[in-house]
Amino acid sequence: MSTLAIYNPADGERITAVAADDAASVAVKAARARAAQPAWAARPLLERKDCIARFREGVVRDLEALAVTMTRETGKPIRMSRNELNGLLGRLDFFIGMVEPVIATETVYDEGGMNERIEHVPLGVVGNISAWNYPWFVGCNVIVPALLTGNAVLYKPSEYATLTGLEIARLLHEAGVPQDVFAVLVGAGPVGAALLEQKVDGLFFTGSYATGVRIAQTVGSRFMKLQLELGGKDPTYVCDDVDAKGAAESLADGAMYNTGQSCCSVERIYVHEKVHDAFLAAFVETVKGYKAGDPMSEDTYIGAITRSQQLDVLDAHVADAKAKGAVLHTGGHRLPGPGNWYAPTVFSNVNHDMELMREESFGPIIGIHKVSSDEEAVRLMNDTRYGLTAGVYTPDRDRAQRLLAQLNAGSLYWNCCDRVSPRLPWSGFGDSGIGLTLSTYGIQAFTRPRAWHLKAAG
Ligand code: NAD
C-alpha cells in the first residue's frame, strides 16, 4: 500500500506518513459500507444519537490534542483550532437535538379510511469529499447528520487535513459507530476520483469551484444526490452612518481570521465615501497589529498558508491589482520561510477589473472600494458569479434589511460577518454551490421522503 506524507505548512517539516488508499481499497470500503448500512439504519435512533453523544464526549476529552494535530497539519493558529472544536460542540448538540422531529414520519392526511404519510428514509451510502480549512466543521456538517439519519459514510478528508480525518474516525469508532459504517479514504485527488467511481447514493463535496465542476461532470449522468459547497467572493458594505473604527475592527477580523482561508471570509469591502478614509485608516491599523508567526503560540493571529500553491494565487492578485492602479497600504508580499507565509495585505483604490475583486483569494488579502451611494454598493456587491454571504454595516436596521434583501447570497449579515450558525441553512447562490448543510434542512438532506398511501380494507 502506498503512503501519504503529511507536512507542517508552518515550517515545511514532514510530520509523518500514513497508509493511503487506492482504487482497489476504496472499492472494498464501499462494498463493506453498502453491506453494513441496512443494519445501522435499522438500529433505534436513540442508539445512533448515543453514538454521536459519546463522540462529542471524546472531542471534549481530547480537545487540546485534537487542536494541536489540526494546527500542525494546517497551520491554523492554535487558539482558532480550539475555537473550531468548541464551536463544533454546539453543532453536535443541534443535530442530536433536532434529528428526531426532523425525520419522524408525518401523517399528512387521515380521512375516510385513507391514511397518507411521509417517511424519511436514509439515502444509503454517502460519499463526503472534504476541505482542509475547517476540517471539523465541514466534515461534521455532513458526517454527523448522515450517520444520525442512518447512512453509511465514505469520508475523504482533504490531503491537507488527513490526521484530523483519522482522528474523527477514531472517535466515531470508539463511540460505537461500526468500522464499515464510517470509513476514511486517505489520499489526494485521485482517491476522491476513485470514490466517484463507486455506486453511492449521495455525494457531498466541500472544496473549490474547479473541483466541484469536475465532480458534477463526472457523476452528472448517475442521478445521485449531489451537493457542492464551494468558494465565494463575499462582499460587505459599510454605510455612511457607521462607527468607522468599530466596523473596521470587525471586518478586519472577518477578512483575516483563519489567515483569510475561510469560505465565508470577507473578500471585498465597499465603503461609503463619507467614512472611507476613517475606515481605511482604522482597518490598516488593526491589520498591522495582527501578529504572524508560530501557529502554536497563543498570541499568533496570522498562521501559515496551508497549501503552498495558494501563495502563487496571492502573488498574482497582488501583481494584477498593483498593475491596474490599486494603492497598497500594508503587506503585498510573502513572509520569509521555512513554510508558507503571506503578509496581511490591504489595498484601496480597487476596481472590478482586478482579480482581487473578482476571484476568491483565500488568503489574508483584501480590497477596499470607495462608493458614493447605496445603489452603487448593491450593484457592485452583486457583480460576481459567486453568492455565499454578503453583509451590511449600519446602525439603521431598516436600511440594512432593505439593502440585504437585494443581494444574491445564501447568508446575509447585518453588523456581523464570517459567521455560521447550526440553526440556519448554509448554502451558496450561483457558483458558490448547490444544496445545503446545517439547519433542519441540512438533516433532511441525508434522507429521501417516501410516500405511503394506506387504505383500510372494506
Ligand atoms: P479542493 O477543491 O482543492 O479540494 C477539496 C477536496 O477535493 C479534497 O479532499 C481533494 O483531495 C478532493 N479532490 C481534488 N481533486 C479531486 C477530483 N478530481 N475528484 C474528486 N476529489 C478531488 O479544495 P480545498 O483547497 O480543499 O478547499 C478550499 C476551497 O473550499 C475554497 O474554495 C473554499 O472556499 C471552499 N470551501 C467552501 C466551504 C463552503 O461551505 N461553501 C467550506 C470550506 C471550504
Side-chain angles (χ1 to χ4, degrees), residues 4 6 9 20-21 23 26 73-76 84 91 127-142 154-162 164-165 184-198 200 203-220 226-234 257-267 305-311 313 340 359-363 384-389 409-411 418-422 424-439 442 445:
L4 176 73
I6 314 285
D21 279 283
V26 169
E73 68 179 338
T74 67
K76 188 191 291 271
E84 182 175 345
R91 296 191 188 196
N128 178 210
I129 300 177
S130 202
W132 47 264
N133 60 331
Y134 283 94
W136 283 91
F137 279 159
V138 296
C140 290
N141 287 354
V142 171
L154 298 166
Y155 172 53
K156 213 299 273 171
S158 166
E159 58 272 36
Y160 299 97
T162 300
T164 292
V184 182
L185 310 178
V186 171
V191 173
L195 171 56
L196 303 181
E197 299 302 313
Q198 304 307 312
V200 293
L203 199 283
F204 296 78
F205 171 76
T206 306
S208 63
Y209 171 79
T211 311
V213 168
R214 291 177 69 175
I215 288 175
Q217 286 169 341
T218 304
V219 305
L226 176 65
Q227 289 203 174
L228 304 172
E229 297 205 338
L230 310 177
K233 191 70 192 169
D234 295 359
Y257 190 87
N258 206 34
T259 318
Q261 301 174 112
S262 306
C263 54
C264 52
S265 281
V266 176
E267 290 237 350
I305 300 296
T306 307
R307 296 166 67 251
S308 59
Q309 306 92 305
Q310 200 64 22
L311 296 169
V313 174
N340 316 323
E359 287 306 319
E360 189 178 47
S361 305
F362 220 57
T384 177
R385 64 193 181 94
Y386 296 106
L388 197 54
T389 81
S411 291
D418 193 23
R419 178 178 194 277
V420 180
S421 162
L424 293 171
W426 186 247
S427 71
F429 287 15
D431 285 352
S432 289
I434 53 172
L436 57 82
T437 50
L438 299 174
S439 80

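One-based numbering, in listed order, for ligands and for the atoms of each. FYI, side chains are in, hydrogens and waters are out, and symmetry mates aren't considered; it's all heavy atoms of this structure. Since this is a predicted model, take the numbers as computed values, not measurements.
Atoms of ligand 1 lying under 4.0 Å from at least one heavy atom of Asn133, given by number and element, are 43 (C), 44 (C). With ligand atoms numbered from 1 in the order given, ligand 1 contributes 25 (O) to contacts under 4.0 Å with heavy atoms of Arg307. Applying the 4.0 Å criterion to heavy atoms of Trp132 picks out, from ligand 1, the atoms 24 (P), 25 (O), 26 (O), 27 (O).
Residue contacts with ligand 1, taken as heavy atom pairs separated by less than 4.0 Å, involve Phe362 solely via side-chain atoms from C-beta onward. At a heavy-atom cutoff of 4.0 Å, ligand 1 is contacted by the side chain of Arg214 but not by its backbone. Residue contacts with ligand 1 for Tyr134 are absent, since no atom lies close enough (heavy atoms, distance under 4.0 Å).
Gln310 does not count as a contact of ligand 1, since none of its heavy atoms falls under 4.0 Å from the ligand. In this structure, Phe205 counts as a contact residue of ligand 1, since one of its heavy atoms falls inside 4.0 Å of the ligand. Contact annotation: Gly433 has no heavy atom less than 4.0 Å from any atom of ligand 1.
For the pair Lys233 and Ser361, the tightest heavy-atom approach, listed with the atom from each and the gap, is NZ-OG, 3.2 Å. Residues Pro157 and Leu185 come closest through the heavy atom pair CD-O, 3.4 Å. Shortest non-hydrogen contact noted between Asn133 and Glu84 is O-OE1, 4.3 Å.
Across Gly127, Ala131, Ala188, heavy-atom proximity to atom 27 (O) of ligand 1 is greatest for Ala131. Comparing Gly232, Gly192, Cys263 against atom 36 (N) of ligand 1, the shortest heavy-atom distance belongs to Cys263. One option in Gly231, Ser130, Ala193 has a heavy atom closer to atom 9 (O) of ligand 1 than any other, and that option is Ser130.
Checked by distance only, ligand 1 and Leu230 come closer than 3.5 Å through their nitrogen or oxygen atoms. Geometrically, ligand 1 and Glu159 share a nitrogen or oxygen pair separated by less than 3.5 Å. Checking only distances, Lys156 does come within under 3.5 Å of ligand 1, N or O to N or O. An N or O contact shorter than 3.5 Å is missing between Thr206 and ligand 1 by distance. Any N or O atom pair closer than 3.5 Å counts here, and Ser262 shares no such pair with ligand 1.
For the pair Asn141 (side chain) and Leu438 (backbone), a donor-acceptor distance under 3.5 Å is absent. Side-chain atoms of Glu229 never come within 3.5 Å of backbone atoms of Gly428 as a donor-acceptor pair (strictly under, hydrogens ignored).
Among all protein heavy atoms, the one lying closest to atom 22 (C) of ligand 1 is Thr211 CG2, 3.6 Å. Regarding atom 35 (C) of ligand 1, its nearest protein heavy-atom neighbour is Gly207 O, 3.2 Å.
Inter-residue side-chain proximity for Cys263 and Leu388 is flagged as met; some heavy-atom pair is nearer than 4.5 Å. A heavy-atom distance below 4.5 Å is found between the side chains of Thr211 and Phe205.
When only modelled atom types and interatomic distance are considered, Thr437 and Gln227 share no side-chain donor-acceptor pair under 3.5 Å.
Note that Lys76 lies in the cation-pi zone of Tyr134, set by a 6.0 Å cut-off to the ring centre and a 45° limit from the axis. The side-chain tip of Arg385 points at the ring of Tyr209 from less than 6.0 angstrom away and within 45° of straight on.
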